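Everything below concerns the one structure shown next.
From a predicted model like this one, the values you see are computed outputs, not experimental measurements.
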Amino acid sequence: MQFEVWAPEAASVRLATAHGRRPMERDPLRAGWWTAEAEAVDGDRYGFVLDDGPVLPDPRSRRQPDGPDGESAVVDQGAYSWRHPWAGRGLPGAVLYELHIGTFTEAGTFDAAAGRLGRLVDLGITHVSLMPVCPFPGTHGWGYEGVSLWAVHEPYGGPAGLKRFVDAAHGLGLAVVLDVVHNHLGPSGNRLPSFGPYFTDTRHTPWGAAVNLDAPGSDEVRAYLLGSALAWLRDYRLDGLRLDAVHALADGRALTFLEELSAAVDALAVEVGRPLPLIAESDLCDPRTTTPRAEGGLGLHAQWNDDFHHALHTALTGESQGYYADFAAAPLAALAKTVTAAFFHNGTYSSFRGRTHGRPVDISRAPAHRFVGYAQTHDQIGNRALGDRLASSLSPGLQACAAALVLTGPFTPMLFMGEEWGAGTPWQFFTDHTDPELARAVREGRRREFAAHGWAAEDIPDPQDPRTRARSCLDWSEPDREPHARMRAWYRELIALRHAMPDLCDPDLASVRTAYDERARWIAYRRGDLRVAVNLADEPTAVPLGLGRHRRGGGRVLAAWTPVGPPGADGVLRLPPESCVVLADE
């Protein structure tokens with residue numbers, strides 16, 4: 001087989017295999033590239049030696065059996081026999097489920113996770129959104145410190161394990177989206193700088209030197225990232241990618257990397273005959289992120305909507321620290337704005353940033369499914385001091401209200417694993433760094449960060465302590481016992497309603513009508529012939545359903561957390577404390 005590597009600054013490159021080392025030749029047609037032919041089969045180890053240095057793993061390695069620092073291994077992508085034909089599933093009408101392989105089950109493997117997928121099908125989930133699976137130091141971690149962007153974390157099951165997981169999901173009708181990180185690499189095991197200008201000091205990010213997207217040599221760096229993205233979708237039959245923190249991509253070129261990526265993925269979607277959505281994480285509140293390229297946008301297909309989350313979180317909890325401050329003054333007004341305008345910050349002043357922020361969404365043209373709505377994510381739980389879920393502080397009624405607002409709202413809904421039964425387990429920040437100095441720095445840095453907010457150091461879980469990861473694993477005995485079983489049944493009922501009622505998947509944001517009372521703590525909105533009312537107060541409330549087209553005194557209850565009758569002849573709905581209802585016009 002042919003081995004090749006881009007090493008533009010090397011004077012010599014040798015291929016290292018079990019049979020020894022052989023010189024590689026410069027490719028006359030591609031500047032900076034080196035090639036060599038050698039016999040190799042699936043599983044054979046290899047690496048590259050630059051200028052008589054140590055053996056380094058392949059930047060495009062498909063497998064790292066011994067972790068990021070070890071030698072690479074050959075992967076025969078054609079060796080796996082796919083069992084299930086698959087036509088794909090697009091985002092319109094989808095319900096996403098964010099899942100971390102390492103804590104979804106105690107075993108923390110693809111195969112163990114695949115064994116639980118039937119529960120997600122029963123719940124009504126359509127897309128599993130995997131957190132990153134690239135290799136990282138040790139066994140357990142979130143995955144955002146990954147390196148070897150073409151490879152699969154070996155303790156999860158490696159490349160073959162990922163294929164088995166995706167195949168099993170497709171056999172159950174589930175699409176699989178993968179979280180990929182292009183804005184930085186982990187601090188340990190990152191050998192890319194040895195090969196070429198993968199990073200640039202001309203720009204800096206919170207993680208140090210920026211990935212080189214616009215400095216000299218950036219054509220090849222972009223090709224590296226594009227090739228990785230396409231390989232996930234092609235070789236593993238994944239159904240889309242979630243792009244981590246695209247606002248942190250330092251890119252000043254006229255044709256941005258994200259436009260290049262969206263064009264390449266759209267072309268692959270045509271080639272394979274199935275939808276391949278790109279879902280961005282971005283805090284820019286810029287509708288151009290998801291505007292089609294032909295209309296002057298970046299062409300990504302959806303983005304996480306943190307503004308909706310922040311408004312919902314402040315309404316539920318009353319928290320006002322950090323970025324929640326912008327939403328806390330009038331959280332229900334903020335929630336109503338996001339439900340109808342997508343972004344809260346659409347050119348408004350942000351006290352958190354000390355400046356105006358965002359740009360308006362043209363709701364007459366932007367379909368609602370381009371925005372992903374959620375009450376909880378790995379970020380919003382795991383980046384808290386104790387990794388506490390909403391279930392640890394909210395009543396079941398308020399959790400049910402959050403579910404109703406996410407699952408009947410206009411956006412593509414997403415759950416974080418275990419949310420559907422009000423999991424009693426936290427989801428904490430954990431690492432398994434093999435470098436003692438790095439482990440110490442992460443531990444102390446985490447404690448310093450929260451000490452600034454009044455936390456005692458001894459109260460902050462040690463990321464390196466195996467018990468921190470163990471506490472974060474889901475307890476699969478919970479969903480079948482109370483009070484968790486009732487919560488899961490509520491989520492299942494709402495998701496079934498979303499699938500059954502076209503009005504709940506209507507992409508027209510301009511048609512959503514809202515009403516709310518900040519002081520009484522209720523909010524209601526109309527979506528077609530359906531009305532949703534939510535009471536966040538700890539006492540009963542009267543909700544006048546004057547939301548537009550409906551018959552006064554009419555209304556059939558489709559779903560309710562606690563028993564509630566239809567609106568009276570006066571058009572007023574009497575809603576119990578901390579409860580919610582979905583009504584259909586009659």
No-hydrogen, no-angle side-chain donor-acceptor test under 3.5 Å, [X] and [Y]:
X    : Y    : value
T340 : Y525 : no
S477 : D475 : yes
D167 : H84  : yes
Y323 : H313 : no
D239 : W86  : yes
E578 : S395 : yes
T431 : Q464 : yes
Q380 : Y374 : no
E478 : W421 : yes

Checklist entry - Between R119 and W476, is NZ or CZ placed under 6.0 angstrom from the six-membered ring centre and within 45° of the ring axis? => result no

Checklist entry - Is the NZ or CZ atom of R471 both under 6.0 Å from the centre of the six-membered ring of W427 and within 45° of that ring's axis? => result no

Run the salt-bridge test on [X] and [Y] with the 4.0 Å N-O cut-off and return the result as yes or no.
X    : Y    : result
R389 : E419 : no
R521 : E539 : no
R62  : D235 : yes
R467 : D465 : yes

Do [X] and [Y] touch side chain to side chain, with heavy atoms closer than 4.5 Å?
X    : Y    : result
V339 : P410 : yes
V406 : L312 : yes
I125 : L415 : yes
W82  : K163 : yes
L316 : L390 : yes
V572 : V543 : no
P396 : M487 : yes
P466 : R469 : no

Checklist entry - Who are the side chain to side chain donor-acceptor pair (under 3.5 Å) partners of D307, not counting sequence neighbours? => result none

Item to check | For R492, all residues meeting side chain to side chain donor-acceptor pair (under 3.5 Å), sequence neighbours excluded | outcome: D122

Is the [X]-[Y] ring centre distance short of 6.0 angstrom?
X    : Y    : result
F308 : F411 : yes
F429 : W142 : yes
H153 : F110 : no

Main-chain N/O of [Y] paired with [X] side-chain donor or acceptor, under 3.5 Å:
X    : Y    : value
T408 : A404 : yes
T425 : S472 : no
H140 : D432 : no
S148 : W150 : no
E98  : L130 : no

Output all residues satisfying ring pair (Phe, Tyr, Trp, His ring centres under 6.0 Å) with [X], sequence neighbours left out; order by chain, then residue number.
X    : answer
H182 : F257
F327 : H310, F344, H345
H127 : none

Item to check | Sole candidate of D111, V133, V176 that passes side chain to side chain contact (heavy atoms under 4.5 Å, CB included) when paired with F165 | outcome: V176

Checklist entry - Between atom CD1 of I523 and atom CG of L405, what is the distance when rounded to the nearest 0.5 Å? => result 6.5 Å

Return the minimal non-hydrogen interatomic distance between [X] and [Y], and the atom names on each side.
X    : Y    : value
A400 : W490 : O-NE1, 3.1 Å
D517 : A520 : OD1-N, 2.9 Å
I381 : Q376 : CD1-OE1, 3.5 Å

Next on the checklist: Going by salt bridge (charged side-chain N to carboxylate O under 4.0 Å, His left out), name the pairs with one or both residues in residues 496-509, residues two or more places apart or in two chains.
Outcome noted: none

Checklist entry - Which word best sums up how the rings of Y144 and H378 line up, parallel for under 30°, tilted for 30 to 60°, or perpendicular for over 60°? => result parallel

